[in-house]
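This report concerns only the one structure given below.
Since we're looking at a predicted model, the values are computed, not measured.
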Amino acid sequence: MTPPSVPATADDPTDGPVFPLALGTNVFGWTVGAPTAFEVLDVFVGDGGRIIDTADVYSAWLPGNVGGESETIIGRWIARPGNRERVLLSTKCGQHPDAPGLTRTSIRTAVDASLRRLRTDYIDYYFTHFDDDETPLDETVAALSELVDEGKIRYPAASNYTGARLRQALAIADRDGLHRFAAVQAAYNLVRRTDYENDVQPIVDHFGLAVLPHSSLASGFLTGKYRGDSGRGDSPRGNRALSYVTPKNLGIVEVLVEIADRQRVVPGAVAIAWLATRQNVVGALASARTTIQLEGLLESAGVEFSEHDLAALEAVSGPPA
């Protein structure tokens, strides 16, 4: 298979502008069954989306599930002629009940299981889902590098690492002549900027790593529907979204809504488009339970910010002057 052009790191050339939305699929096999998932995937790719992100643990938390349900659904879609070459697959290891942690043994067990479920012979971005401080970082970095050499993955990547641990992992790879992490997933959005920008971003910028922000919509808060209590219970994340309700954050949503209304898009599309303007971001992760939800988020590709728009968002969401 010849994979599509993709930024291995943020500085690499691509075959066109970055598509702002990367499709999160943690809802597949949880609140979204296979038929709807196939429709969502078809619409996403048909509108120009490229990055599909999952994890081997999705959705082991649901009674009766064992983990890997999301990958299995995606694999059925991938098996359709032509689909693999159209997308970039991202999955994660370290949390599946059958392969916990980031030892060499767990990583090798996990990747082989993911490849089987995804019905592919390579994974584009392979993320460690969370850091594992009980396993030597040298072992984790070396195990991922082996998978690149074997052709099972294209790029090792790290999710939810602190800046210090990310820098350490990169230094180990350079010291030992290994393939180093090429991409990062971190919680990052308009109401949650400080941790990423102060801790992880300096390292990402220095090394030119690709960034896939997760929690892009702050559990749905940035869709604008949680300005009151009316949205409570509308999704499994409703209570988490309401936890973001503060005067400052409500002010951010008001600016989002104003920009969205002017451009005739949904507020969530503006939140995703803003992330796509940030340095090194190659796609902001968000999930959709229906094609109607997805079509709203896909409007992010058409958002055009004026200097005034960006200044207004910075003024309301940035650190105090």
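Checked by atom type, the side-chain pair Ser70/Thr25 shows a donor-acceptor distance below 3.5 Å. Under 3.5 Å, the side chains of Arg84 and Thr120 contain a donor-acceptor pair of N or O atoms.
Annotation: side chain of Val211 is not in contact with side chain of Gln201 (no heavy-atom distance under 4.5 Å). With a 4.5 Å cut-off on side-chain heavy atoms, Leu118 and Ile78 do not count as touching. With a 4.5 Å cut-off on side-chain heavy atoms, Tyr161 and Ile203 do not count as touching. Looking only at side-chain heavy atoms (C-beta outward), Leu222 and Val191 come within less than 4.5 Å of each other.
One distance of note links CH2 of Trp30 with OG of Ser59; it measures 8.0 Å at 0.5 Å rounding.
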Please list every donor-acceptor pair under 3.5 Å in which a side-chain atom of residues 167-174 meets a protein atom from a residue at least two apart or in another chain.
residue: Asp174; atom: OD1; partner: Arg180; partner atom: NH1; Å: 3.2
residue: Asp174; atom: OD2; partner: Arg180; partner atom: NH1; Å: 3.1

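Nearest heavy-atom pair, Arg165 versus Thr135, reported as atom, atom and distance to 0.1 Å: NH2-O, 4.4 Å. Among all heavy-atom pairs drawn from Asn189 and Arg193, the shortest one is O-CG, 3.1 Å. Counting all heavy atoms, side chain and backbone alike, Pro267 lies closest to Val257 at CG-CG2, 3.9 Å. Residues Ala271 and Leu217 come closest through the heavy atom pair CB-CD2, 3.9 Å. Looking at every heavy atom in both residues, Gly302 comes nearest to Gln263 through O-OE1, 4.1 Å. Shown here for Ala241 and Phe221, the closest heavy-atom pair between the two residues is O-CD1, 3.5 Å.
The only option from Asp53, Thr54, Asp56, Thr128 that meets the side-chain hydrogen bond (donor to acceptor under 3.5 Å, both in side chains) definition with Lys92 turns out to be Asp53. For the side-chain contact (heavy atoms from CB on, under 4.5 Å) test with Leu23, the passing option among Ile74, Val43, Leu297, Leu294 is Leu294; the others fail.
No cation-pi contact links Arg278 to Tyr196, judged by a cut-off of 6.0 Å to the six-membered ring centre and 45° from its axis.
Ion pairing of Asp42 with Arg80 is present here, as a side-chain N (NZ or NE/NH1/NH2) and a carboxylate O approach within less than 4.0 Å.
Applying the salt bridge (Lys or Arg N to Asp or Glu O under 4.0 Å) test to every pair with at least one member in residues 63-75, sequence neighbours left out, gives these pairs: Glu71-Arg117. Counting only residues at least two apart or in different chains, side chain to side chain donor-acceptor pair (under 3.5 Å) contacts with residues 294-307 comprise Ser306-Asp309.
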